[in-house]
Each structure stands twice: as structure tokens, then as C-alpha cells.
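Have a look at the structure below before the remarks.
Numbering of residues begins at 1 and proceeds along the displayed sequence.
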Amino acid sequence: MKRRVVITGIGTINSIGKDAASTWSAVVEGRHGVAPISHYDTSGRRVTLAAEVKDYQSEDYFSGKEARHLDPYIQFALIAAREALEDAGDLAVDPYRLGTIIASGIGGLSTIEKEDRRVAPDNKFDRVTPYFIPMVISNMGAAHVAMLAGAKGPSMSVATACASSTTAVGRGFRMIRDGYQDAMLVGGCEASITPLGIGGFTAMRALHMGDDPDRASIPFDQDRSGFVMGEGAAVLVLEEADHAQARGAKIYAELVGYGESCDAHHITAPAEDGEAAAAAIRQAVEESGLTPADVDYINAHGTSTPLNDQIESRVFNRVFAGQVPLVSSTKALTGHLLGAVGALEGLICAQALAHNAAPGQFGTIQQDPACDIPLAKGGEPVKVALTNTLGFGGHNACLVLKKWEGSHA
């Protein structure tokens, strides 16, 4: 018999909040985190805005030695995981029944750039820091979180581009549901607001190039022109429902469905027919035991790029037969955290269910007629939420969450 899975701990650090509570307050108030880039000098560059973690000082969280040996993407993962674990309380599970799946789409990019600048002038590459490899490889977010939690079950990272942390949450959900684990720490972390990271996406013409933070990340707006890079991490504690209830855990929401697919179409562009993306959503809804009519809120991928928003809107109309539930993309506030964004949007959906209030669509002034979907104003009741992500390479992933009703299976 399939076991029920609930969310009992949440943690995050991102451009609109350094913890889950402040993030939710910013979502409710519609405060975005987009501002001029401070991580490096943008003089002469076409992209000057990003959604950085504000006033971040590593020494507020780590000793000097620790910080020197941890890439920022790993630091963010640990900060989010600490909060999620504290929020969950004593999990009281066998350490071999506690696993970690912490995704990163890119890994330690800033360390790669920093070390290259340090050693390249004299070609002394054998003098690179001995911590270089463990600072940059993308599994180290999961490894460090496992060490933090004493989690000796499966530990891994997954890389499905911008769908990575949605995949991480979905795979963790299934490991508990199918009886392989009793609890999982799942999520994603990313720190790619760097000269090379921004430069690469700029060359692809994927990023917004204006200088007005209020009109930068505007999903579904007719004036949208590209996404805004974000950074940070989000970690969820997933737990088998009966175990959570037995220990008196606080429960944010029930995770009830997951779907994934691949367009098998193009290295960056989503397939215009949207068939595979629709299949992932249908799979998640079917696995939940619900129907499309039961979904009353969608946190869309909604990157603020012309093609994504149009195709995703078309997909929603197809899956929901023209009766699309309320939609918003919280990337209007947080920017796009690449491989970490799916877990952050799952965390926001869990908060929305716990507070019975859908996040509104902020920043959108004139909705594009090609994005013919109902946009949430904010505060509407929500009992079933769906969060959707799409990634370069055609990766699609979707989660369905339900308001916790407290009954046993």
C-alpha cells in the first residue's frame, strides 16, 4: 500500500528572505528581490540586474575556515537545511532511513571562476586549492546536508537544469511513499550570479537587459523580455505521514503527486506543441488521485521569457480543458534560481496551503493575450496546489500538493 508523505520542515535563503517566514511575508506583500548586481562590476555589460541574496555575509553563518572551503551554493544549501531541520524538530528516524537529495543545476561556478583568475596568469594550475574539486562538484550540497543531518540513507544530487530541485522533491517523495525511506531532506541550491554565469545566459539572449528592477521579471506581461537570475536555496523535510503524526510534528501540506517527462526536442527551447510538458502535469495529477478540476492554484514556471510563458499557458489550457485554475509565477519576486527554483516554489506552495492563501501575480501590468490564463491576485483560498518547472534539455517536472486534512490512509 502506498504511504502518505507530508512536509514537516521548511528552510530557505533567497533574494526576498533569509528564512521561510520572511520569504512568505514578501510573497504576501509582493516585494521583489531584483536590484543592481553587487557581486561584481557590471560596467559595460548588457545585464546589470539580478535577484541576489541581500546583505549576505558568510561569517554570519560559518567560521572563516568553513566559509573558505564552501562554495556559496553549498553555503546556501546548509543554511536552508539548518532551518528546515530545526523547523521539523526531532525526526526520530533510523539514520539509514533518512536520505538527502539536494539538486544543483550548475554547482560551484564562482569557485571555478575565482580559482581560474588566481592561477591562470602564470599557468600554475597545479597550485589550485586542494579544496577546488569538493567545492565545485554538484553533489556536494547533498553531501554536506547529509553530514549536517547525520543522514546515512541515499544521498545524491540530480541535474535536470531548471527542473532539478523539483525532480529532487519528486524522487524523495516516491522513496518515502514506496517504503524505501521514512524521511528525506530534499531541495536545491544555486549561486550563479557571476560574470561567466550571467555572461553565458546573456549571450543566449535569455536574460532581461533593462535597468528598471520593477519591470524586469514580469511573467505573462506583454512587455516581458527575459528572465532575471536569482540565487539561494530551499530545503524541505518530507516525512511518512503516520510517523509525523505519531511524533506530533507540525505539518505544512501533503505531497500527493509527481510527474516528469522530456520534450526530446531541443537543447534550450521548449517544444511548441507542449505535449511532453502536459504529460508531466497529467501524470502528477493522476498519481495524486485527484482530477484536474480539483487543482485550484498553479505556481507556474513563468520565467518571463517570451516563448516559455506562451507555451506554458497553452499547456495549461490543454491539460485543464480551458478551465485553468488561478496561476502565478513567484519568479516575479524571487527571480529564477535555476536548479533551486522548483524546491523554493514547492516551499511557497506549502506555505500557501498552510495559510490558505494563493500567491498573487505581481509585476504583470498588461497581460499578453497569448498567455490566456487567469492570474491570481493574491490571498485566494487554496486546497490543492500544483507547481510546474521546465528545464533546458526539455526536462519537465511537476508536483501536486494538498492541504493537510489530518486523517490516516
### Query
Taking the side chain from Glu115 and the backbone from Thr129, do they hold a donor-acceptor pair closer than 3.5 Å?
yes
### Query
What is the distance from atom OG1 of Thr42 to atom CG of Leu49, rounded to the nearest 0.5 Å?
8.5 Å
### Task
Look at the side chain of Asp221 and the backbone N and O of Ile365, then say whether any donor-acceptor pair between them is shorter than 3.5 Å.
yes
### Query
Can any side-chain N or O of Glu113 pair as donor or acceptor with the backbone N or O of Thr194 at less than 3.5 Å?
no
### Query
Does the side chain of Lys2 reach to within under 4.5 Å of the side chain of Asp178, using non-hydrogen atoms?
yes
#### Entry: Derivation and outcome, salt bridge (charged side-chain N to carboxylate O under 4.0 Å, His left out), residues Arg174 and Glu287
CA-CA 11 Å; Arg174 286 180 175 173; Glu287 185 171 84; 3.2 Å; yes
### Query
Is a donor on one side and an acceptor on the other found under 3.5 Å between the side chain of Ser217 and the backbone of Gly335?
no
### Task
Could you note down all residue pairs passing ring pair (Phe, Tyr, Trp, His ring centres under 6.0 Å) where residues 198-243 supplies at least one of them, sequence neighbours left out?
Phe201-Phe227, Phe227-His336
### Task
Inspect the surroundings of CD in Glu286 and state if more than 12 heavy atoms from other residues, nucleotides or ligands are less than 6.0 Å away.
no
### Task
Drop me the distance from Ile74's CD1 to Ile79's CD1, to the nearest 0.5 angstrom.
12.0 Å
### Message
Could you check whether any side-chain N or O of Asp19 sits under 3.5 Å from a backbone N or O of Ser22, counting only pairs where one atom can act as donor and the other as acceptor?
### Response
yes
### Message
Does Glu86, at its CD atom, have more than 12 non-hydrogen atoms belonging to other residues, nucleotides or ligands within less than 6.0 Å?
### Response
no
### Message
Please check this pair: side chain of Lys152 against backbone of Asp94, looking for a donor-acceptor N/O pair closer than 3.5 Å.
### Response
no
### Task
Would you please say whether a donor-acceptor pair under 3.5 Å links the side chains of Tyr73 and Ser192?
no
### Atom NZ of Lys383 with >12 non-hydrogen neighbours under 6.0 angstrom
no
### Query
Would you say Arg45 and Thr202 make side-chain contact, with heavy atoms under 4.5 Å?
no
### Message
Within the 3.5 Å criterion, strictly below it, is a donor on Ser313 or Asp372 matched to an acceptor on the partner's side chain?
### Response
no
### Summary
For Ser328 and Tyr297, the nearest pair of non-hydrogen atoms, with its separation, is OG-OH, 2.6 Å
### Task
Take Asp182 and Arg3 through the salt bridge (charged side-chain N to carboxylate O under 4.0 Å, His left out) test and state the conclusion after the steps.
CA-CA 10 Å; Asp182 293 325; Arg3 307 195 304 170; 3.3 Å; yes
### Query
So which heavy atom on Asp309 is nearest to which on Thr303, and how close?
OD1-N, 3.2 Å
### Query
With no hydrogens and no angle check, do the side chains of Ser38 and Glu52 hold a donor and an acceptor under 3.5 Å apart?
yes
### Task
Could you tell me whether the side chain of Glu190 and the main chain of Gly339 form a donor-acceptor pair under 3.5 Å?
yes
### Task
May I ask you to test the Val34-Ser15 pair for a side-chain heavy-atom distance under 4.5 Å?
no
### Over 12 foreign heavy atoms within 6.0 Å of OH, Tyr131
no
### Task
Of all the heavy-atom pairs spanning Cys349 and Leu401, show the shortest one and how long it is.
CB-CD1, 4.2 Å
### Query
Would you say the side-chain atoms of Arg247 pair up with the backbone N or O of Asp90, donor to acceptor, closer than 3.5 Å?
yes
### Straight-line distance of Ile7 CD1 to Leu255 CG, nearest 0.5 Å
5.5 Å
### Task
Working to the nearest 0.5 Å, report the span between CG of Asp223 and OG of Ser304.
10.0 Å
### Query
Just wondering, are more than 12 heavy atoms of other shown residues or ligands nearer than 6.0 Å to CZ in Arg205?
no
#### Entry: Main-chain N/O of Gly89 paired with Lys250 side-chain donor or acceptor, under 3.5 Å
no
### Query
If you take all heavy atoms of Ala168 and Val186, which pair is closest and at what distance?
O-CG1, 3.7 Å
### Query
CD of Glu66: more than 12 outside heavy atoms within 6.0 angstrom?
yes
### Query
Regarding Thr48 and Asp211, is there a side-chain donor-to-acceptor distance under 3.5 Å anywhere?
no
### Message
When you compare the side chains of Thr12 and Thr23, does any donor N or O come within less than 3.5 Å of an acceptor on the partner?
### Response
no
### Ile281 and Phe316, any side-chain heavy atoms less than 4.5 Å apart
yes
### Query
Any idea which heavy atoms bring Leu353 and Ala253 closest together, and the distance?
CD1-CB, 3.8 Å
### Query
Would a 4.5 Å heavy-atom cut-off, applied to side chains only, mark Phe173 and Val256 as touching?
no
### Query
Per the side-chain hydrogen bond (donor to acceptor under 3.5 Å, both in side chains) rule, which among Glu312, Glu345, His301 passes with Asn388?
Glu312
#### Entry: Atom pair CG (Leu333) and NE2 (His32), whose distance is rounded to the nearest 0.5 Å
8.5 Å
### Query
Asn14 and Thr334: side-chain donor and acceptor closer than 3.5 Å?
no
### Whether Glu83 side chain and Ala20 backbone form a donor-acceptor pair below 3.5 Å
yes
### CG-CG distance between Leu91 and Leu85, expressed to the nearest 0.5 angstrom
6.5 Å
### Message
I'd like to know whether Asp294 forms a salt bridge (charged side-chain N to carboxylate O under 4.0 Å, His left out) with Lys402, so could you lay out the CA-CA distance, the side-chain angles of the two residues, the decisive distance to 0.1 Å, and finally the verdict.
### Response
CA-CA 10 Å; Asp294 294 317; Lys402 181 180 177 184; over 6 Å; no
### Query
Tell me, do Glu260 and Cys398 make a side-chain contact under 4.5 Å, heavy atoms counted?
no
### Query
Which heavy atom of Asn396 sits nearest a heavy atom of Ala277, and at what distance?
ND2-N, 3.6 Å
#### Entry: Pairs involving residues 39-59, ordered by first then second residue, that meet ring pair (Phe, Tyr, Trp, His ring centres under 6.0 Å) (sequence neighbours left out)
Tyr56-Tyr61, Tyr56-Phe76
